[in-house]
Amino acid sequence: MAFYRGIIRPLLSCLDAELSHRVTVAACRTFGRVPFVRTAVERLFGNIDPRLRSTVAGIDFPGPVGLAAGFDKNALA
């Protein structure tokens with residue numbers, strides 16, 4: 001989290017909002033395809049309390065889904 005707060009967030013804050021959005025979606029899309037990055041993210045954030053499980057529209061979610069409205073409106077990431 002310190003890396004994000006100290007480096008990533010300040011860099012993105014310097015950009016135009018739309019460019020910042022495009023850069024972030026591109027990074028999510030790119031890193032989501034890299035197996036070791038996906039594994040690392042799953043290990044860091046994969047331990048979700050079973051009490052948080054929910055089913056929405058027939059889809060089972062192991063934990064809360066948090067995504068800003070419109071963030072990935074074109075389903076790129």
**Prompt:** Going by the salt bridge (charged side-chain N to carboxylate O under 4.0 Å, His left out) test, which pairs reach into residues 44-65, not counting sequence neighbours?
**Reply:** D49-R51, R53-D60
**Request:** Please name all residues satisfying side-chain contact (heavy atoms from CB on, under 4.5 Å) with F31, sequence neighbours left out, ordered by chain then number.
**Result:** A27, V37
**Heavy-atom closest contact (G6 atom, P10 atom, distance)** = O-CG, 3.5 Å
**Item:** Set of residues satisfying side-chain hydrogen bond (donor to acceptor under 3.5 Å, both in side chains) with respect to R38, sequence neighbours excluded
**Value:** none
Could you go through residues 11-18 and list every donor-acceptor pair under 3.5 Å that involves a side-chain atom there, pairing it with any protein atom two or more places apart or in another chain?
from : atom 1 : to  : atom 2 : distance (Å)
S13  : OG     : R9  : O      : 2.8
D16  : OD2    : E18 : N      : 3.2
D16  : OD2    : L19 : N      : 3.4

**Request:** Return the set of residues passing side-chain contact (heavy atoms from CB on, under 4.5 Å) with V25 (not counting sequence neighbours), or none when no residue passes.
**Result:** H21, F71, D72, L76, A77
**Prompt:** Would you say the side chain of F61 lies within less than 4.5 Å of the side chain of T55, judging by non-hydrogen atoms?
**Reply:** no
